[in-house]
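One structure below.
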2 protein chains.
Amino acid sequence: MTPRQARLEQQRSDILQAAATLIAERGFHGMSMRDLAEATGFGVSSLYNYFASKEELLAELQTRAFATLIDAAESSLTDAIDPSARLYVFIFNQVRYFIDHADVMRVLIHEAAALPAEHRHKVRGLKEAYFRIGRDAVAAVFAQGCGTPDTARGPVDAVALDRATYSIFGMINWVWAWYEPALHGTPEDVARSIHSLAVCGLVARCPSSPTHAQLPPDFAQRQVSLLNRRTGND
Amino acid sequence: MTPRQARLEQQRSDILQAAATLIAERGFHGMSMRDLAEATGFGVSSLYNYFASKEELLAELQTRAFATLIDAAESSLTDAIDPSARLYVFIFNQVRYFIDHADVMRVLIHEAAALPAEHRHKVRGLKEAYFRIGRDAVAAVFAQGCGTPDTARGPVDAVALDRATYSIFGMINWVWAWYEPALHGTPEDVARSIHSLAVCGLVARCPSSPTHAQLPPDFAQRQVSLLNRRTGND
DNA sequence: GATTGGCGAACGAACGTTCGTTCGTCAACG
DNA sequence: CGTTGACGAACGAACGTTCGTTCGCCAATC
């Protein structure tokens with residue numbers, strides 16, 4: 001990559017990050033290209049040297065973010081740890097990303113419908129791919145039972161599995177709406193709360209959430225580097 | 001109430017419902033007053049006979065919806081049933097409302113930030129009141145344990161309780177993003193899935209979700225009438 | 001080493017359209 | 001007959017986008 005291309009890519013990333021912040025605040029239609037120009041220091045027309053239109057800018061933002069999420073999830077789930085720990089890794093990955101990139105996350109959740117049809121289908125495909133990764137992780141825990149054979153429930157019907165998976169996604173995705181570091185603990189605390197709720201519920205007795213000791217030793221660093229890759233929205 | 005006032009109130013409700021649909025589709029800034037005029041059959045300027053501004057319209061929509069939710073939750077939780085069943089009632093209430101009024105719900109979730117400061121604080125107050133109702137229901141289950149004394153965990157720290165409550169709200173609120181009646185079962189199925197996940201998790205053995213037999217016999221009808229009251233967004 | 005020319009990148013100005021809102025008017029109803 | 005409410009026309013502001021131009025860098029030429 002020439003320095004020329006690197007500079008261009010860097011500025012595209014900067015613009016995307018600024019756009020994520022503004023869209024998260026005011027919504028896609030609430031952000032004007034003039035707002036974005038002021039936030040980035042560019043003139044309004046210069047933005048069109050980097051993105052063909054406002055809608056293409058949104059599409060690029062969403063595509064990059066989902067690709068990052070999928071990459072991080074796939075890479076982190078290659079380890080052959082037990083289902084409950086795998087689910088924790090998946091949850092922590094996503095919680096971590098949402099807390100670190102709250103504005104990008106808000107865009108992902110809120111502005112899927114603002115895309116033109118062509119881009120919407122592409123993003124939809126990425127979203128479904130991501131959903132399947134999560135559902136596989138949930139299904140493994142579901143099938144396994146509480147870790148001991150006598151509590152195993154056996155296979156569950158597909159609709160109930162979908163509902164459970166969507167519900168777990170709901171816990172994770174909702175983090176953007178309430179989490180404040182000063183009030184609600186660390187991202188690890190959040191991930192543990194969600195994992196505990198997903199696996200054991202509020203009241204049941206079962207093994208506590210995996211500690212870091214049970215996870216690969218380089219786990220934390222791996223996640224960070226993965227999540228900062230490709231999106232460039234840091 | 002004179003017929004005059006009744007007619008005015010009816011038309012205000014109609015306009016609010018149409019606005020909810022449009023805002024849910026395109027976002028607050030994405031809906032124009034001309035769109036709303038076309039959807040309601042009014043001329044653009046006639047809308048200003050009913051609402052002082054576009055922002056006041058949004059504020060009224062959100063205020064009415066939260067007031068409806070709070071009323072329904074408070075009324076349905078007066079019965080002295082056991083904590084787990086109370087939590088189910090709370091969850092079902094909200095799921096039911098979200099599925100019946102998916103557009104209003106999307107507005108509640110997405111467009112809080114679009115309000116001017118004054119109205120935003122008022123709505124924020126309603127939202128916190130609603131949160132406290134849910135948190136009390138969660139806390140009772142949390143404290144009770146799995147219904148038998150030997151599994152009781154005792155009191156939990158406040159931050160963890162908040163995290164768990166927010167997570168349960170997340171499961172419920174996320175329903176708008178995925179639920180389709182043809183694919184995912186009845187609203188009761190959804191409420192049971194969420195309740196089961198909240199109380200027992202994916203794997204633990206514990207009493208199944210309350211059946212309707214355990215609930216007051218007029219439960220279903222009471223919910224419907226409550227939820228259709230005051231909002232008028234039907 | 002100085003001059004030139006091509007080119008990516010940034011810009012201000014302006015386009016036509018749409019935005020939220022206001023106003024004067026006029027028909028209809030109580 | 002007086003009040004209410006519906007309306008089209010019009011407002012200034014802001015929208016996304018385009019255009020012509022300029023600036024500065026880097027390589028090729030003298």
Side-chain angles (χ1 to χ4, degrees), chain A residues 1-16 18-23 25-62 107 111 113-120, chain B residues 1-16 18-23 25-62 107 111 113-120:
Chain A
M1 182 154 63
T2 79
R4 227 4 189 278
Q5 288 170 320
R7 190 181 130 85
L8 186 132
E9 175 52 33
Q10 179 59 48
Q11 301 207 269
R12 279 174 63 94
S13 292
D14 291 347
I15 294 171
L16 286 176
T21 303
L22 289 172
I23 296 175
E25 276 176 20
R26 319 177 203 184
F28 178 68
H29 296 288
M31 176 201 75
S32 74
M33 294 300 275
R34 285 166 181 80
D35 294 335
L36 184 56
E38 192 175 6
T40 53
F42 284 108
V44 194
S45 50
S46 303
L47 298 173
Y48 288 85
N49 291 330
Y50 296 97
F51 299 96
S53 69
K54 195 187 176 191
E55 282 174 345
E56 285 239 22
L57 192 149
L58 175 63
E60 182 74 16
L61 182 53
Q62 299 202 1
V107 176
E111 308 294 346
L115 286 174
E118 342 134 43
H119 295 113
R120 194 165 59 236
Chain B
M1 182 154 62
T2 78
R4 216 27 178 270
Q5 289 170 318
R7 189 180 129 86
L8 185 131
E9 173 52 33
Q10 178 59 48
Q11 302 207 271
R12 281 173 62 94
S13 292
D14 290 348
I15 294 172
L16 285 177
T21 303
L22 290 172
I23 296 175
E25 276 176 18
R26 320 179 202 181
F28 178 68
H29 296 289
M31 176 200 75
S32 73
M33 294 300 275
R34 286 165 180 81
D35 294 335
L36 185 56
E38 191 175 8
T40 54
F42 284 107
V44 193
S45 50
S46 304
L47 298 172
Y48 287 85
N49 292 330
Y50 297 96
F51 298 96
S53 70
K54 195 188 176 191
E55 282 175 344
E56 285 239 23
L57 193 150
L58 175 62
E60 183 74 15
L61 182 54
Q62 298 202 2
V107 176
E111 307 295 345
L115 287 174
E118 343 134 43
H119 294 113
R120 195 165 58 236

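All values reported here derive from a predicted model rather than from experimental measurement.
Protein chain A touches strand DNA chain D; the 5'-most and 3'-most nucleotides with an atom under 4.0 angstrom of its non-hydrogen atoms are D:dC15 to D:dC19.
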Report task. Determine, stepwise, if the pair A:Leu115 / A:Glu55 fulfils side-chain contact (heavy atoms from CB on, under 4.5 Å). Result -> CA-CA 6 Å; A:Leu115 286 174; A:Glu55 282 174 345; 5.7 Å; no
Query raised in the report: Between A:Glu38 and A:Val44, is a side-chain contact (heavy atoms from CB on, under 4.5 Å) present by the stated rule, with each step listed?
Result: CA-CA 8 Å; A:Glu38 192 175 6; A:Val44 194; over 6 Å; no
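Of the candidates B:Gln10, B:Glu9, B:Gln11, B:Glu9 is the only one forming a side chain to side chain donor-acceptor pair (under 3.5 Å) with B:Ser13. Checking A:Leu16, A:Leu58, A:Thr21 one by one against A:Val107, the side-chain contact (heavy atoms from CB on, under 4.5 Å) holds for a single residue, A:Leu58.
Looking at residues 28-35 of chain A, you'll see A:Met31, A:Ser32, A:Met33, A:Arg34 sit with a heavy atom under 4.0 Å from some atom of DNA chain D.
For A:Glu56, the side-chain contact (heavy atoms from CB on, under 4.5 Å) test picks out A:Ala52, A:Ser53, A:His119, with sequence neighbours left out. The salt bridge (charged side-chain N to carboxylate O under 4.0 Å, His left out) search around B:Glu60 returns B:Arg12, B:Arg64, not counting sequence neighbours. Qualifying side-chain contact (heavy atoms from CB on, under 4.5 Å) partners for B:Thr40, counting only residues two or more places apart in sequence or in other chains: B:Ile15, B:Ala18, B:Leu36, B:Phe42, B:Leu47.
The main-chain N or O of A:Arg120 is never found under 3.5 Å from a side-chain atom of A:Gln62 such that the two would form a donor-acceptor pair.
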Report task. Quick one, give me the B/S/- string for nucleotides 23-30 of chain C, reading 5' to 3', where B means a protein heavy atom under 4.0 Å from the base and S means that only happens at the primed atoms, P, OP1 or OP2. Result -> B------S
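Contact annotation for A:Phe42: backbone-only contact, meaning every heavy-atom pair under 4.0 Å involves sugar-phosphate atoms and none involves a base. Counting non-hydrogen atoms under 4.0 angstrom, A:Tyr50 reaches the backbone sugars and phosphates but no base. Across all strands, A:Gln11 comes closer than 4.0 Å only to sugar-phosphate atoms, never to a base (heavy-atom distances).
The shortest distance between side-chain heavy atoms of B:Lys54 and B:Met31 falls below 4.5 Å. Between A:Asp35 and A:Arg26 the shortest side-chain heavy-atom distance falls below 4.5 Å.
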